Number of protein chains: 2
Amino acid sequence: MGCKIEEFQQEQKKRIRAVQDSMDVLNGKWKIAIISSICCYGKRRFSDILNDVEGVSNRMLSKELKELEINQLVTRTVLPTQPITVEYELTEHGNTLQTIISNLTDWGTVHRKKIAGK
Amino acid sequence: MGCKIEEFQQEQKKRIRAVQDSMDVLNGKWKIAIISSICCYGKRRFSDILNDVEGVSNRMLSKELKELEINQLVTRTVLPTQPITVEYELTEHGNTLQTIISNLTDWGTVHRKKIAGK
DNA sequence: CTGAATCCAGATGGATACTG
DNA sequence: CAGTATCCATCTGGATTCAG
């Protein structure tokens, strides 16, 4: 114990657990896309997100939004319109994902070219 | 057509599709952790990754490594030992994920504290 | 408009045992 | 050591219908 290699490996395991923690929150077919949609508009309504994220169903959108809310990444506000509308907004904590979203956007663009253009 | 708002929305949809492209590759319970494991050691053997990523089974590790290989993120090299050993390494393309991995590691650490400490 | 409820096929993933 | 094969429970997610 106390040897350098062991210490390094422990550090490494901690890092891997940390990445896992992130992915536990962000995994899900649509989560990142949903966050991305809300992110760049500031506030976004249910039906707008439904339109932004191609392919998502209202069932899944509802479900994943709820999980994001539980993880304190988005807030949900019911507006007193008739019929009601609901606005979703990133929390301060959710906003800290912006860098990651931005990186993923860039990487995805490059990756698509990489795979398609071979 | 050609109006600013529509253009912006089209741009936005493209960005969302790009994030989705990234997530299509990176989704999966263990993928990021696996990449993370290989990443910081340079090369990494099957059994080492199995040990690094707590909870993963050999079945899943094998499966997800194969998918990562298909997406050209890792290479697989069989070493002529007895019994054989296999080394996995990030490709140049896979290495471009380092920034994202690093960000996810940091974010995961913060997020854990955030959720646990409320 | 924003969901919730139900139904159901197919994917996911763990446990275990086996192979070269 | 590095997988593969099989079995099987659970989860995922789409389609559709209904509700406040």
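None of the values given here were measured: they were computed from a predicted structure. Residue numbers start from 1 in every chain, and the chains themselves are labelled A, B, ... in the order their sequence lines are given, proteins ahead of strands. Keep in mind that the numbers below use all heavy atoms, side chains included, and drop hydrogens, waters and symmetry copies.
For A/S22 against B/L104, the heavy-atom pair with the smallest separation is OG-O, 2.6 Å. Shortest non-hydrogen contact noted between B/E64 and B/K31 is OE1-N, 3.1 Å. Counting all heavy atoms, side chain and backbone alike, B/V19 lies closest to A/S36 at CG2-OG, 3.8 Å.
Taking only side-chain nitrogens and oxygens, B/Y88 never comes nearer than 4.0 Å to OP1 or OP2 of D/dC1. One finds a side-chain N or O of A/S62 lying less than 4.0 angstrom from the OP1 or OP2 phosphate oxygen of C/dA4. OP1 or OP2 of D/dA2 lies within a sub-4.0 Å distance of a side-chain N or O belonging to B/S47.
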ring-ring contact (aromatic ring centres under 6.0 Å, His included) assessment of A/F8 paired with B/Y41: CA-CA 10 Å; A/F8 179 72; B/Y41 286 101; 5.5 Å; yes
Salt bridge (charged side-chain N to carboxylate O under 4.0 Å, His left out) evaluation trace for B/D52 with A/K13: CA-CA 6 Å; B/D52 288 343; A/K13 284 209 173 188; 5.9 Å; no
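Rounded to a whole Å, the CG atom of B/D48 is 12 Å from the P atom of D/dG3. When rounded to the nearest whole Å, the span between CZ of A/R44 and P of C/dC1 equals 14 Å. Atom-to-atom, CE of A/M23 to C1' of C/dG13 comes out at 17 Å; the value is rounded to the nearest Å. Here C/dT12 presents its P atom at 10 Å from CG of B/N27, a figure rounded to the nearest Å. Rounded to whole Å, the distance from CG on B/L50 to P on D/dC1 is 10 Å. When rounded to the nearest whole Å, the span between CD1 of A/I34 and P of C/dG3 equals 12 Å. What separates CE of A/M60 from C1' of C/dG10 is a distance of 14 Å, to the nearest Å. Residue B/I84 contributes atom CD1, which lies 17 Å from atom P of C/dT19 at whole-angstrom precision.
From B/I38, atom CD1 reaches atom CD of B/E87 across 10.5 Å, with rounding to the nearest 0.5 Å. Atom OG1 of residue A/T85 and atom CZ of residue A/R45 lie 5.0 Å apart, to the nearest 0.5 angstrom. Taken from OG1 in B/T96 to CG in B/L73, the straight-line distance is 7.5 Å, to the nearest 0.5 Å.
For the side-chain hydrogen bond (donor to acceptor under 3.5 Å, both in side chains) criterion with A/Q12, the lone passing option out of A/Q9, A/R15, A/K14 is A/R15.
Of the listed nucleotides (C/dG3, C/dA4, D/dA2), C/dA4 has the atom at the smallest distance from the side chain of A/K66. Relative to the side chain of A/F46, the nucleotides C/dT2, D/dC1, C/dT12 differ in distance, and C/dT2 lies closest. Among the nucleotides D/dT12, C/dG3, C/dT2, the one closest to any side-chain atom of A/K63 is D/dT12. The side chain of A/E64 has D/dG13 as its nearest neighbour among D/dC1, D/dG13, C/dG14.
No donor-acceptor distance shorter than 3.5 angstrom exists from the side chain of A/T109 to the backbone of B/A18, with no hydrogens or angles considered.
Nearest-nucleotide positions on DNA chain D for A/P83 and A/K29 put A/K29 closer to the 5' end.
Considering only heavy atoms from C-beta on, A/V74 comes within 4.5 Å of A/E69 through its side chain. Side-chain contact between B/H111 and A/N71: present, with at least one pair of heavy atoms (C-beta onward) separated by less than 4.5 Å.
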Identify each atom pair where a protein N or O and an N or O of nucleotides 5-8 of chain C are less than 3.5 Å apart, giving names and distance.
residue, atom, partner, partner atom, Å
C/dT6, O4, A/R59, NE, 3.3

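Remark on the helix from C/dC1-D/dG20 to C/dG20-D/dC1: inter-end axis angle 50°, axes from five-pair C1' superpositions, rounded to 10°.
Across residues 74-82 of chain B, B/R76 each have a non-hydrogen atom less than 4.0 Å from an atom of DNA chain D (numbered order).
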